[in-house]
Amino acid sequence: MDETNYFQNALSSFVTEAACGGAVRHLTDIGYTLDQIVDRLDYPAPRAKVQRIMMAYLYESRVLLLEEPSAVLFAPKEQFVQEQDSYGRRSFRKIEVDYKSQNNMTSAPDLTAASQRKKMAQTQEILWKESVYDPKRDGKLTELLHRKCEKNGEAYSYISCPFGEPADDQCSQNEEKEQSVQREPGGLCAVVEDKTGCLNGRQREYLRGIRWEKPIVYHRLNRRMLEIIGKLYEAGAYSGACFFVTGREKITIPAR
């Protein structure tokens with residue numbers, strides 16, 4: 001790409017972000033699919049650029065993770081909040097967001113050796129309490145996962161999504177070439193695409209609007225994904241694992 005094209009693309013992306021970036025993030029937050037977002041925008045933004053904004057926000061807000069959930073990712077983070085007293089005087093207080101308590105806690109600077117050891121311990125890998133889902137013992141999958149989400153908090157509950165095209169899937173690539181099928185990079189893998197008939201239109205649209213950058217991506221276990229996984233599992237089209245960071249639980253879901 002020459003410098004002129006690079007500059008034009010960068011400028012176009014900047015204009016798109018300025019014109020509709022906030023709207024894209026807001027509509028993503030309230031559950032709109034990619035196609036719905038594109039249709040609702042007043043600014044005529046290209047679908048690919050809207051998808052880039054949406055995907056960046058999904059990663060930034062941790063709805064999607066490229067790697068398995070870890071203690072490093074969810075280590076306590078320090079934030080400053082502004083407060084105002086009864087006389088109108090403003091001050092800042094440092095708080096710490098801790099996934100173990102899911103509460104904001106007042107924190108003061110502590111640079112002692114003991115505090116440093118404590119922080120190092122908090123960033124060690126999670127020792128998961130692993131189990132395998134058994135429908136006879138655990139009941140319906142969606143009901144089990146719903147209970148776990150309520151206990152651990154949705155923001156700390158994830159499920160693996162093996163929806164991306166395997167990089168070494170030469171068979172499907174050759175088959176596509178023979179059939180002259182042009183698959184969009186980052187789209188659903190052919191195997192999953194063929195099994196989405198159990199989903200409703202909105203659910204299929206949501207999966208197709210996400211750019212699956214790796215064969216396995218981790219999605220927050222919100223209501224939408226819970227319903228999608230439940231239907232795929234019942235149709236024999238899903239196997240994977242759930243991660244509940246607060247309780248340090250990992251549940252493997254074998255194929256039916």
Side-chain angles (χ1 to χ4, degrees), residues 24-25 28 31-38 46-70 72-74 128 133 141 145 154 157-245 250-256:
V24 171
R25 286 184 282 273
T28 301
Y32 279 63
T33 66
L34 175 61
D35 288 338
Q36 287 177 317
I37 294 172
V38 172
R47 186 177 187 274
K49 291 184 178 177
V50 174
Q51 186 185 46
R52 281 199 290 272
I53 296 173
M54 183 189 80
M55 291 301 302
Y57 183 63
L58 288 175
Y59 287 120
E60 178 187 336
S61 58
R62 291 181 179 169
V63 173
L64 289 177
L65 303 177
L66 285 175
E67 304 295 337
E68 182 178 302
S70 67
V72 173
L73 183 63
F74 292 96
W128 297 104
Y133 169 65
L141 179 63
L145 298 184
E154 182 183 289
S157 304
Y158 287 84
I159 192 161
S160 64
C161 296
F163 300 154
E165 194 73 59
D168 58 349
D169 192 356
Q170 297 297 328
C171 293
S172 65
Q173 292 175 8
N174 293 335
E175 184 179 344
E176 287 171 9
K177 289 180 181 178
E178 292 174 2
Q179 297 176 355
S180 299
V181 175
Q182 296 295 324
R183 293 184 63 81
E184 182 180 351
L188 283 172
C189 70
V191 174
V192 176
E193 182 73 56
D194 292 341
K195 295 182 178 181
T196 58
C198 61
L199 305 177
N200 62 38
R202 183 74 62 82
Q203 292 166 337
R204 288 194 297 272
E205 187 178 302
Y206 179 71
L207 293 184
R208 290 169 181 165
I210 291 178
R211 187 177 180 87
W212 303 100
E213 299 181 20
K214 297 177 68 175
I216 297 179
V217 174
Y218 301 86
H219 194 291
R220 183 173 293 163
L221 197 53
N222 52 24
R223 180 180 297 180
R224 166 181 274 161
M225 190 51 63
L226 182 61
E227 293 175 351
I228 289 174
I229 294 299
K231 287 185 177 181
L232 290 175
Y233 176 77
E234 291 298 325
Y238 178 80
S239 61
C242 291
F243 302 83
F244 300 99
V245 179
K250 176 182 178 180
I251 301 176
T252 299
I253 304 170
R256 293 192 64 184

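Just the heavy atoms: all of them, side chains too, but no hydrogens, waters or symmetry mates, feed the values below. Along the sequence shown, residues are numbered consecutively beginning with 1.
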Could you go through the salt bridge (charged side-chain N to carboxylate O under 4.0 Å, His left out) check for Glu154 and Arg223 one step at a time?
CA-CA 9 Å; Glu154 182 183 289; Arg223 180 180 297 180; over 6 Å; no
Does the side-chain contact (heavy atoms from CB on, under 4.5 Å) test come out yes or no for Tyr57 and Val63, once each step is laid out?
CA-CA 8 Å; Tyr57 183 63; Val63 173; over 6 Å; no
Apply side-chain contact (heavy atoms from CB on, under 4.5 Å) to residues Asn200 and Lys231 and explain how you reach the verdict.
CA-CA 10 Å; Asn200 62 38; Lys231 287 185 177 181; 3.8 Å; yes
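Considering every non-hydrogen atom in both Tyr133 and Leu141, the closest pair reads OH-N, 3.1 Å. Heavy atoms only, all atoms of each residue included: Cys189 and Gly164 are closest at CB-O, 3.6 Å. Minimum interatomic distance between Thr33 and Arg202 (heavy atoms only, all atoms of both residues): CG2-CD, 3.7 Å. Scanning both residues, Gly209 and Leu34, for their nearest heavy atoms gives O-CD2, 3.6 Å. Nearest heavy-atom pair, Lys250 versus Ala241, reported as atom, atom and distance to 0.1 Å: CE-CB, 4.1 Å. When every heavy atom of Glu68 is checked against every heavy atom of Trp128, the shortest pair comes out as OE2-NE1, 3.5 Å.
In this structure, the separation between CG on Leu207 and CG on Leu232 is 7.0 Å, given to the nearest 0.5 Å. Atoms CD1 and CE, from Ile37 and Met54 in turn, are 6.0 Å apart once rounded to the nearest 0.5 Å. Between atom CG of residue Asn222 and atom OH of residue Tyr158 there is a gap of 10.0 Å, rounded to the nearest 0.5 Å. From Trp212, atom CH2 reaches atom CD of Glu165 across 13.5 Å, with rounding to the nearest 0.5 Å. In this structure, Cys161 SG and Leu64 CG are separated by 7.5 Å, a value rounded to the nearest 0.5 Å. Here Gln36 contributes atom CD and Thr28 contributes atom OG1; the two are 10.5 Å apart, rounded to the nearest 0.5 Å.
Not a single donor-acceptor pair under 3.5 Å links the side chain of Arg211 to the backbone N or O of Gln51. Looking only at distances, a side-chain donor or acceptor of Arg220 sits under 3.5 Å from a matching main-chain atom of Ser61. At distances below 3.5 Å, at least one donor-acceptor pair connects side-chain atoms of Lys214 with backbone N or O atoms of Leu66.
Looking at heavy atoms from C-beta onward, Tyr32 lies out of side-chain contact with Val38 at the 4.5 angstrom threshold.
Aromatic ring centres of His219 and Tyr206: separated by under 6.0 Å.
Every residue meeting the salt bridge (charged side-chain N to carboxylate O under 4.0 Å, His left out) condition with Arg25, not counting sequence neighbours, appears here in chain and number order: Glu17. Every residue two or more places apart in sequence or in another chain that forms a side chain to side chain donor-acceptor pair (under 3.5 Å) with Tyr238 is listed here: Ser160.
Note on Glu234 versus Arg256: salt bridge recorded, some NZ/NE/NH1/NH2 to OD/OE distance being below 4.0 Å.
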